[in-house]
Colleague: 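Let me begin by handing over the structure; questions about it come next.
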Amino acid sequence: NAGVTQTPKFQVLKTGQSMTLQCAQDMNHNSMYWYRQDPGMGLRLIYYSASEGTTDKGEVPNGYNVSRLNKREFSLRLESAAPSQTSVYFCASSKGSSGNTIYFGEGSWLTVV
Amino acid sequence: QQQVKQSPQSLIVQKGGISIINCAYENTAFDYFPWYQQFPGKGPALLIAIRPDVSEKKEGRFTISFNKSAKQFSLHIMDSQPGDSATYFCAASRGSNYKLTFGKGTLLTVNP
């Protein structure tokens, strides 16, 4: 049982390049999330998808787009990467109701130079 | 506006000691308060959680204390072990809005 799988694990981008972070979960969860983690800032929600077919902005959505491809997959796209987007990105999923455990992937380390 | 404030930023405890991490929240509509544990290079994982209808929840060496009137909750780690060394995040969510708002984290180091 893999849980939440993210790819790639490490990526270096040049300013202005685009890329997509892929995420898949095998727990039949309804809700999926993308968080970023920066030193001293905790985990901040970028976008989430409450259920297949819906997506909503979180706390820090600027510079990102998402696609809920199906129930299993939720991708995060950086259209024109900026150094401020250097961060560790975590995909997560949950059943999708109050109090449900949110399960995180192992993270994607992104550096924009 | 930071809705969940966590302290301290870092904590050093001797093996066998008690580790205490505190969080305060602003939104009285929050009704679910989990703590997550994160080891280096890994994603956060749920450690323990509480709802505001109880004042304390204990699971093994880990206890959450909850003070609804003060809008505060804390994590106590009894008999702290070097293997407990990790970053701990408190979080909160409300009702049907199950998105978690996280504190900024506490780096715990337990010295042998």
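Chain letters run A, B, ... following the sequence lines, proteins first, then strands; residues in each count from 1. Quick note: numbers below take in every heavy atom, side chains included, and nothing from hydrogens, waters or symmetry partners.
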Colleague: Keeping the roles fixed (side chain from Thr63(B), backbone from His76(B)), state whether a donor-acceptor pair exists under 3.5 Å.
Modeller: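 The answer is no, because no donor-acceptor pair under 3.5 Å joins these two groups.
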Colleague: Would you confirm whether the ring centroid of Phe74(A) sits within less than 6.0 angstrom of the ring centroid of Tyr33(A)?
Modeller: no
Colleague: Please output the residues of residues 106-113 of chain A in contact with chain B, using a heavy-atom cutoff of under 4.5 Å, in numerical order.
Modeller: Glu106(A), Trp109(A)
Colleague: Quick one: which residues of residues 40-47 of chain B reach chain A at under 4.5 angstrom, heavy atoms only?
Modeller: Gly41(B), Lys42(B), Gly43(B), Pro44(B), Leu46(B)
Colleague: Heavy-atom distances under 4.5 Å only: say whether Gln6(A) touches chain B with side chain, backbone, both or neither.
Modeller: neither
Colleague: So Asp38(A) and Ser87(A), side-chain hydrogen bond (donor to acceptor under 3.5 Å, both in side chains) or not? Walk me through it.
Modeller: CA-CA 6 Å; Asp38(A) 303 289; Ser87(A) 187; 2.8 Å; yes
Colleague: Look at atom NZ of Lys9(A) and say whether more than 12 heavy atoms of other residues, nucleotides or ligands are closer to it than 6.0 Å.
Modeller: yes
Colleague: Report yes or no: do Asn70(A) and Glu73(A) form a side-chain donor-acceptor pair below 3.5 Å?
Modeller: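 Asn70(A) vs Glu73(A): donor-acceptor pair found between side chains.
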Colleague: Contact part of Tyr36(B) toward chain A, heavy-atom cut-off under 4.5 Å: side chain, backbone, both or neither?
Modeller: side chain
Colleague: Is the ring centre of Trp35(B) less than 6.0 Å from the ring centre of Phe73(B)?
Modeller: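 Yes, close enough.
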Colleague: Ignoring hydrogens and angles, tell me if any N or O in the side chain of Arg61(B) forms a donor-acceptor pair with the backbone of Met78(B) under 3.5 Å.
Modeller: yes
Colleague: Go through the atoms of Leu43(A) and report whether side chain, backbone, both or neither lie under 4.5 Å from a heavy atom of chain B.
Modeller: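 The answer is both parts of Leu43(A).
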Colleague: Taking the side chain as everything from C-beta on, heavy atoms only, tell me whether Thr106(B) gets closer than 4.5 Å to Gln9(B).
Modeller: no
Colleague: Checking side-chain polar atoms at under 3.5 Å, does Arg77(A) have a donor or acceptor matched by the opposite partner on Ser18(A)?
Modeller: yes
Colleague: Between Phe66(B) and Phe33(B), is the ring centre distance below 6.0 Å?
Modeller: yes
Colleague: Please check if the number of heavy atoms outside Lys95(A) that lie under 6.0 Å from its NZ is greater than 12.
Modeller: no
